[in-house]
Amino acid sequence: MELLNFARGPALQWSLAIFIFGITWRLVGVAVLNWPKELSTPRNGNPLLGALRMMAMRSWPHKEFLPKTWYSEVMGYTFHIGFFAVFLLFVPHIIFIEALTGLSWPGLTERIIYFLSLITLFALVAVLIRRLTHPVLRMLSNFDDYMSWFMTISPIITGLLVTSHVGLGYETLLAIHILNIDLLLLWFPFSKLMHAFFIWSCRGLTGAAFTRKGIPAQ
Amino acid sequence: MSAAITFKPARKPAFRADKQTHLSDQERVDAAITQFLKDTDFVTATYMESCIHCGLCAEVCHFYEQTGDPQYTPIWKLEPFKQVYKREAGPFSFIYKALNLKRKLSSDELAQWQHLLYDSCTVCGRCSMVCPMGIDIATLISKARHGMFQAGLVPEDLWQMAKRAQDEGSPLGVTPEMLKATIQGVEKEYGLNIPLDRDEAEVLLSLSSIDIINYPHALSDIAKVMNQLGYTWTLRSDGYEASNYGLLTDSEAWQKATSQKLINAAIACKATTVVIPECGHGYNAFRWQAANLHGQALPFRILHITELMAEGIRTGKLRVNPVNESVTFHDPCQSARRGGATEAPRTVLAALGVELHEMPTAGDLNWCCGGGGGVMHIQRADELRYQAFEIKMQQVEQSGAEKLYTSCSDCRKNFDDCAEHFDWDKQPNSLLQLVAENLVEA
Ligand code: SF4
Ligand code: SF4
């Protein structure tokens, strides 16, 4: 019980504080840099719409590239959707979030969540195998990539253990699961997981620049 | 002026990097770092922060596609720049530095990247179209090259051409006297009037040295088109060079100097339009970058000759006879994917009524011919360039078209050279010439 209280008490509070402070620091640290001015005469397109268009359309792969990119795209989509579905639609999670924020919404049955967790697990293992075996990915990968992978997969594993009541007692498993989330929150601002934020500014900037030039923002 | 150093990179056999100027190794590193930091703005930093190491950019780059060599992964070409950004400028740079999580840039690393940033990148921007994060990788490559130029680490043959352009006003030694002589020759041969040094003209026309030396026909073609369009137009001996080798070496100062001559000439003759000939990188340099380097918006519009022709067709000023040919069109990366003028050639081809067979991947996602970004001028990169060109050959063949057209003389030169290398029977033709030869007589 002590461990559980620690996990969902001070540990969670501190990780949340670092999570929020770290994210703000990293976003502001980039935003305060010089914003380049564009002096060339733009074409007719609206850069703001271009930014929004790129934010939406880059999620939709070009069919010309698909023969080369489908595996990464499919696995990427699977684990992202799976992870967020399990995180946001598992009833105990919703109750936990409600206790923290007062917000609540309907969830999915435990059976469906279990199934989604397994699929997410499978997709995450598949991307790891690819990262370890594909020459390009092996060369590009650094500690951040592997650590972020671990931080993403471990809550799924500990979550499955909690719901399956395997091994240690329920409370200990739950405490480990929550500690796991605490670690994820701590790691997030310093890692590539920040792409959850940067993806929007990055796509937006390129979309606006492309539209100025008359290049389709997609 | 230049020397070479040999070193042993971690993953590859030794590569001899060219060096310019007399800087010490440490001074080169410092110069590169200073320039990288100068180029680090909000956009660059956002790109640097965003990469998720997914590797997809490799899958669409012709150099990786053809070699399977992971070092040609587009984002990997930026590793030194990224390293400096993370260690010196990023929001957590103090952590990276204190814990030495990102190593200090070394002169060997920097020199090794000369091969990746110049020999094996045409700055074609295809990688920028696939990145799921939306990172414009090609823009970062140009910025990284700024640092390489400042460090005096540019392939020597490319650097020599850019230096010549800087010193003599043309990478191929086309002086104002030579221009005058060429104009006189073309006027005589084709019975054309080619105005030079007018004090006032609606349109200032520019030329590319490659055209003047390799495709002299281009001058008569462009004059015929200009004459039919009916604008008052001129060439100016104080500003005529459209190709920009400052851009190809990524020297901002040299790039600016080249652009500035055209800007001054246009202002001097009160032109409202400056026309760039069939030169992809010249178009990108002038249309999208000249104003920024100049420091203020330009008082005229800038059109690629293909855009001018498309406009003439739309307004009815340019009338062409139908052409019964089966053709395919190679989109020059710098005017199409990087410049936004992808539709114009298709408007022109439609007006000509040709039977257009697009390549399997055409338009903004086309495969680069492999010679852009200065690669064509780097002799040691020839083998790599030929490998990249094989994709283009397949694409052209797969289109099933009988004739091949494009609107960039750099691309044409690369096609010519590669066609000779492979003993390939397809010739790259000029879209401008096709129009000029099929104008409706007034
Ligand atoms: S710009 Fe073109 S050549 Fe350069 S890395 Fe990207 S795809 Fe490859
Ligand atoms: S495609 Fe984009 S995110 Fe993926 S490795 Fe290349 S630059 Fe990074």
Side-chain angles (χ1 to χ4, degrees), chain A residues 22 25-41 43 54-55 58-59 61-62 64-65 68-69 72-73 76 130-131 134-145 148 189-190 192 194-195 198-199 201-207 209-216 218, chain B residues 11 40-47 49-56 58-60 64-65 68-71 73 75-76 89-92 95 101 128-136 139 287-292 294-298 301-302 336-343 360-361 364-365:
Chain A
W25 180 272
R26 191 151 164 200
L27 292 176
V28 171
V30 170
V32 293
L33 292 168
N34 182 31
W35 287 46
K37 258 208 208 97
E38 263 306 329
L39 298 169
S40 58
T41 312
R43 288 190 206 270
M54 180 75 106
M55 285 184 206
R58 237 340 126 88
S59 305
H62 290 287
E64 289 85 345
F65 296 153
K68 294 275 176 187
T69 59
S72 305
E73 309 263 7
R130 189 169 166 84
R131 195 168 279 291
H134 192 294
V136 167
L137 293 176
R138 265 176 55 175
M139 183 189 71
L140 288 179
S141 300
N142 55 19
F143 178 73
D144 184 5
D145 292 301
S148 295
F190 306 98
K192 70 185 275 193
M194 274 295 286
H195 75 270
F198 282 118
I199 191 169
S201 50
C202 193
R203 286 183 181 183
L205 287 167
T206 301
F210 276 19
T211 303
R212 282 189 98 256
K213 294 183 179 176
I215 306 162
Q218 56 192 37
Chain B
R11 297 167 202 278
T40 298
D41 54 27
F42 168 58
V43 178
T44 314
T46 302
Y47 290 161
E49 295 288 343
S50 297
C51 179
I52 50 169
H53 289 171
C54 70
L56 290 186
E59 306 290 349
V60 303
Y64 174 73
E65 167 76 10
D69 186 337
Q71 69 165 336
T73 300
I75 199 70
W76 185 248
F92 292 129
I95 301 181
L101 295 176
S128 302
M129 306 304 274
V130 77
C131 173
M133 295 299 295
I135 301 171
D136 186 0
T139 290
R287 176 66 179 89
W288 297 114
Q289 301 179 32
N292 287 346
H294 180 58
Q296 60 191 67
L298 301 174
R301 61 183 192 143
I302 299 159
R337 173 166 51 240
R338 303 299 290 168
T342 309
E343 273 318 300
T361 315
D364 296 311
L365 300 181

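As the structure is a prediction and not an experimental result, all values here were calculated from the model. FYI, side chains are in, hydrogens and waters are out, and symmetry mates aren't considered; it's all heavy atoms of this structure. Below, read A as the first sequence line, B as the second, and so on, with proteins coming before strands; counting in each chain starts at 1.
- Of all heavy-atom pairs between B:Cys54 and A:Leu137, the closest is O-CD2, 3.1 Å.
- For the residue pair A:Cys202 and B:Tyr47, the shortest heavy atom distance occurs at SG-CD2, 3.5 Å.
- Between A:Ser141 and B:His53, the shortest heavy-atom distance links the atoms CA-ND1, 4.3 Å.
- Contact check for B:Pro91 versus A:Val30: side-chain heavy atoms found under the 4.5 Å cut-off.
- In this structure a side-chain-to-backbone donor-acceptor pair under 3.5 Å is missing from B:Asp41 to A:Trp35.
- Heavy-atom pairs under 4.5 Å with chain B were tallied for A:Arg130, A:Met54, A:Arg131; the largest tally goes to A:Arg131.
- Proximity to chain B (any heavy atom under 4.5 Å) is shown, for A:Phe143, by neither the backbone nor the side chain.
- Rounding to the nearest 0.5 Å gives a distance of 8.0 Å between CH2 of B:Trp288 and OG1 of A:Thr41.
- Of all the listed residues (B:Asp136, B:Asn292, B:Thr44), the one sharing the greatest number of non-hydrogen pairs under 4.5 Å with chain A is B:Asn292.
- Using a 4.5 Å heavy-atom cutoff, the side chains of B:Asp364 and A:Pro216 are in contact.
- Ranked by non-hydrogen atom pairs under 4.5 Å with chain A, the options B:Ser50, B:Pro360, B:Ala45 are led by B:Ser50.
- The choice from A:Ser40, A:Ser201, A:Gly214 that makes the most heavy-atom pairs within less than 4.5 Å of chain B is A:Ser40.
- A:Asp145 approaches B:Ile52 most closely through the heavy-atom pair OD1-O, 3.9 Å.
- Rounding to the nearest 0.5 angstrom, the gap separating the CD1 atom in B:Ile135 from the CZ atom in A:Arg58 is 10.0 Å.
- Heavy atoms closer than 4.5 Å to chain B are found in the side chain of A:His62, but not in its backbone.
- Side chain of A:Arg26 to backbone of B:Phe92: no donor-acceptor contact under 3.5 angstrom is found.
- Among B:His294, B:Glu343, B:Glu59, the residue making the largest number of heavy-atom pairs under 4.5 Å with chain A is B:Glu59.
- Considering only heavy atoms from C-beta on, B:Leu56 comes within 4.5 Å of A:Glu73 through its side chain.
- Here B:Cys131 is the residue among B:Ala290, B:Gly90, B:Ala341, B:Cys131 with the most heavy-atom pairs under 4.5 Å with chain A.
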* To do: Could you please spell out the steps behind the side chain to side chain contact (heavy atoms under 4.5 Å, CB included) verdict for B:Phe42 and A:Asn34?
  => CA-CA 6 Å; B:Phe42 168 58; A:Asn34 182 31; over 6 Å; no
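- In terms of heavy-atom pairs under 4.5 angstrom with chain B, the leader among A:Pro36, A:Gly29, A:Gly22, A:Gly207 is A:Pro36.
- Of the possible donor and acceptor atoms, none in the side chain of B:Arg338 sits under 3.5 Å from a partner among the backbone N and O of A:Ile215.
- The choice from B:Pro132, B:Ala58, B:Gly68, B:Ala336 that makes the most heavy-atom pairs within less than 4.5 Å of chain A is B:Pro132.
- Proximity to chain B (any heavy atom under 4.5 Å) is shown, for A:Ile199, by both the backbone and the side chain.
- With chain A as partner, the option from B:Arg337, B:Gln296, B:Arg287, B:Met129 having the largest number of non-hydrogen pairs under 4.5 angstrom is B:Met129.
- Between chain B and the options A:Val32, A:Thr69, A:Val28, A:Leu27, heavy-atom pairs under 4.5 Å are most frequent for A:Thr69.
- Between chain B and the residues A:Met55, A:Gln218, A:His134, the largest count of heavy-atom pairs under 4.5 Å involves A:His134.
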